[in-house]
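Everything below concerns the one structure shown next.
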Amino acid sequence: MMKELPLAKVYQFIEPGPVTLLTTQAQGAKPNVMTMSWHMMLEFEPPLIGCVVAQGNYSFAALHKTRECVIAVPPASLSKVVSGIGNCTGGDTDKFACFDLTPLPASHVAAPLIGEAIVNLECVVKDTKMVRTYNLFILECVKAWENPKLKDAPMLHHHGYGNFSVDGERIHVKSKMR
Ligand SMILES: Cc1cc2nc3c(=O)[nH]c(=O)nc-3n(C[C@H](O)[C@H](O)[C@H](O)COP(=O)(O)O)c2cc1C
């Protein structure tokens with residue numbers, strides 16, 4: 001069960017740069033998912049997220065055409081699944097079935113949430129001006145969900161070629177920055 005996450009809190013999950021999973025739903029096709037670590041926050045609220053989806057990826061056409069997706073943040077315990085999803089294509093693989101992920105209906109987009117994720121961010125494409133030059137989509141998060149059971153679950157950070165680090169200790173330092 002997912003619990004609604006206030007949009008103002010979305011950046012807290014993206015700012016540390018976790019490896020994410022991006023789901024899409026092309027018309028008449030099975031839902032697909034790809035691994036994505038090239039992303040950045042652009043605005044607090046509404047949350048704007050820039051992300052690079054390479055043109056050669058099966059996900060590119062679905063995202064470009066439907067202008068919708070879900071960004072899911074997986075727990076570090078799913079590292080093998082995350083790597084596996086990023087090393088095969090929805091062009092010939094039903095990744096939700098193959099990697100035993102639970103697709104859950106989203107409320108604003110056709111792409112599914114991922115039941116095993118820490119958070120799920122329903123996004124619409126806000127701006128495609130930089131897609132042609134950089135494969136860079138600007139997304140607006142319109143609805144966000146958190147999984148209370150995975151509240152403090154560590155996330156993965158990508159260092160290339162199958163190397164990841166896992167979140168360590170979290171600390172709090174006095175700050176005016178939200
Ligand atoms: C850790 C990791 C991070 C990745 N990050 C990105 C990314 O930010 N953008 C991208 O286009 N591909 C990225 N990839 C590659 C895609 O996930 C990969 O090409 C995938 O097969 C695309 O799936 P699709 O063809 O079903 O869309 C990443 C792969 C891994 C393993």
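Start at 1 and go down the list; that is how both ligands and their atoms are numbered.
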Revision key, fill the gap. Quick look: His39 vs ligand 1, heavy-atom contacts under 4.0 Å, and the answer is neither
Exercise for review: Mind checking whether His158 contacts ligand 1 via backbone (N, CA, C, O), side chain (CB onward), both or neither, at a 4.0 Å heavy-atom cut-off?
Suggested key: side chain
Within the structure provided, determine whether [X] and [Y] are in side-chain contact (heavy-atom separation under 4.5 Å).
X: Lys95; Y: Asn32; answer: yes
X: Met40; Y: Ile49; answer: no
X: Cys51; Y: Leu139; answer: yes

Practice item. Answer yes when Lys126 and Glu140 have at least one side-chain N-carboxylate O distance shorter than 4.0 Å, and no when they do not. Key: yes
Which of the numbered atoms in ligand 1 are below 4.0 angstrom from a heavy atom of [X]?
X: Val53; value: 11 (O)
X: Lys95; value: 23 (O), 24 (P), 26 (O)
X: Gly90; value: 24 (P), 25 (O), 26 (O)

Check your understanding: How close does the nearest protein non-hydrogen atom get to atom 17 (O) of ligand 1, and which residue and atom is it?
Key -> Thr35 O, 2.8 Å
Practice item. For atom 5 (N) of ligand 1, grab the closest protein heavy atom and report residue, atom and distance to one decimal in Å. Key: Ser37 N, 3.1 Å
Study note, to complete from the structure: Residues joined to Val124 in its hydrophobic cluster, side chain to side chain under 4.5 Å directly or through other members, sorted by chain and number, are Met2, Val70, Leu104, Val109, Leu113, Val142, Trp145
Check your understanding: In the hydrophobic clustering (ILVMFWY, side-chain contacts below 4.5 Å, transitive), which residues join Tyr58, or is it alone?
Key -> none
Check your understanding: Can Cys88 be said to touch ligand 1, with heavy atoms closer than 4.0 Å?
Key -> yes
Point to revise | ligand 1 contacted by Phe60 (non-hydrogen, < 4.0 Å) | key: no
Review point. Which of parallel (below 30°), tilted (30 to 60°) and perpendicular (above 60°) describes Phe44 and Tyr11?
Key: perpendicular
